[in-house]
Amino acid sequence: MTDTTIAIACDHGGYDLKMQLIPMLEARGLAVLDLGTNSSKSVDYPEFGYAMASTIRDGKTDYGVLCCGSGIGISIAANRYPEVRAALIHDALGAKLCRQHNNANVICFGGRTTGPDVALDCLEIFLDTEFEGGRHERRVEKLSNPT
Ligand code: RB5
């Protein structure tokens with residue numbers, strides 16, 4: 001990825017994992033735009049998925065990381081914006097393919113389903129892998145233009 005800023009957001013179920021991912025992003029020299037939530041107090045995940053999506057739509061960054069309990073709700077929320085391709089990831093191959101084939105711009109994790117070591121490994125791969133383009137370009141274009 002070329003952007004030097006990355007956004008990150010979570011709900012209460014993803015808060016602990018988010019706090020474990022931020023130091024790695026900073027260690028890579030990225031400016032981290034933390035969109036909350038800022039504690040384990042119960043909140044509604046759609047608000048944080050939408051905060052991420054509007055940040056990307058408005059051009060404040062090209063990439064983001066989202067965490068909720070399962071990773072499911074917050075990824076559904078973010079994917080309601082056509083500018084977002086949010087991928088819920090559980091393993092290294094998924095982290096690679098979501099960049100190579102889908103040009104995913106947001107990686108999502110479940111704080112209750114994925115441990116910090118796996119999430120950190122997947123996040124490194126996500127950040128280091130480029131979109132392959134070619135035949136995937138046309139398919140990714142179609143994602144932003146549902147019929
Ligand atoms: C919150 O309890 C939980 O529902 C949320 O973090 C997430 O897993 C939703 O998909």
Side-chain angles (χ1 to χ4, degrees), residues 1 3-131 136 139-147:
M1 59 172 265
D3 204 328
T4 53
T5 299
I6 190 161
I8 193 164
C10 66
D11 76 350
H12 53 289
Y15 177 72
D16 288 346
L17 181 58
K18 181 183 81 168
M19 298 313 289
Q20 289 169 296
L21 298 180
I22 287 175
M24 180 275 257
L25 296 169
E26 291 175 336
R28 287 179 63 110
L30 293 166
V32 178
L33 190 56
D34 188 348
L35 305 174
T37 188
N38 299 313
S39 77
S40 297
K41 182 169 166 284
S42 183
V43 292
D44 295 336
Y45 60 80
E47 292 178 18
F48 297 90
Y50 298 154
M52 171 63 69
S54 57
T55 295
I56 289 175
R57 181 195 59 199
D58 297 346
K60 292 178 186 147
T61 180
D62 293 335
Y63 296 96
V65 182
L66 287 173
C67 307
C68 71
S70 63
I72 297 170
I74 207 161
S75 59
I76 292 173
N79 274 320
R80 297 181 73 82
Y81 285 54
E83 297 84 0
V84 171
R85 291 173 302 281
L88 174 55
I89 295 302
H90 297 98
D91 55 49
L93 181 59
K96 185 170 78 167
L97 290 175
C98 80
R99 289 288 308 127
Q100 289 180 334
H101 290 194
N102 312 115
N103 201 13
N105 53 4
V106 177
I107 188 167
C108 309
F109 297 113
R112 296 173 186 155
T113 60
T114 301
D117 290 349
V118 171
L120 282 163
D121 187 39
C122 291
L123 183 52
E124 292 270 15
I125 292 166
F126 178 83
L127 296 172
D128 288 338
T129 305
E130 296 300 327
F131 179 47
H136 302 296
R139 297 164 184 167
V140 169
E141 285 276 315
K142 288 184 179 180
L143 290 175
S144 303
N145 298 291
T147 52

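Start at 1 and go down the list; that is how both ligands and their atoms are numbered.
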Look at the side chain of S75 and the backbone N and O of I72, then say whether any donor-acceptor pair between them is shorter than 3.5 Å. yes

Within ligand 1, which atoms have a heavy atom of Y45 less than 4.0 Å away? 5 (C), 9 (C)

Please write down residue, atom name and distance for the protein heavy atom closest to atom 3 (C) of ligand 1. R112 NH1, 3.8 Å

For G69, atoms of ligand 1 separated by under 4.0 Å from a heavy atom: 5 (C), 6 (O), 7 (C), 8 (O)

In the protein, which heavy atom is nearest to atom 10 (O) of ligand 1, and how far is it? G73 N, 2.8 Å

Donor-acceptor under 3.5 Å (N79 side chain, A86 main chain): yes

State whether the side chain of N103 and the backbone N or O of H136 hold a donor-acceptor pair below 3.5 Å, judged by distance alone. no

So how far is it from I107 CD1 to N105 CG, rounded to the nearest 0.5 Å? 11.5 Å

Does N102 use its side chain to pair, donor to acceptor, with the backbone of A104 at less than 3.5 Å? no

Subset of ligand 1 atoms that lie under 4.0 Å from at least one heavy atom of S70: 7 (C), 8 (O), 9 (C), 10 (O)

Any residue meeting side-chain hydrogen bond (donor to acceptor under 3.5 Å, both in side chains) with D34, in chain and number order, not counting sequence neighbours: K18

What protein heavy atom lies closest to atom 7 (C) of ligand 1? Include the residue and the distance to one decimal. C68 SG, 3.4 Å

On a heavy-atom basis, I'd like to know which of V43, I74, D11 is closest to atom 5 (C) of ligand 1. D11

Only heavy atoms of H12, strictly under 4.0 Å: list the atoms of ligand 1 that pass. 1 (C), 2 (O)

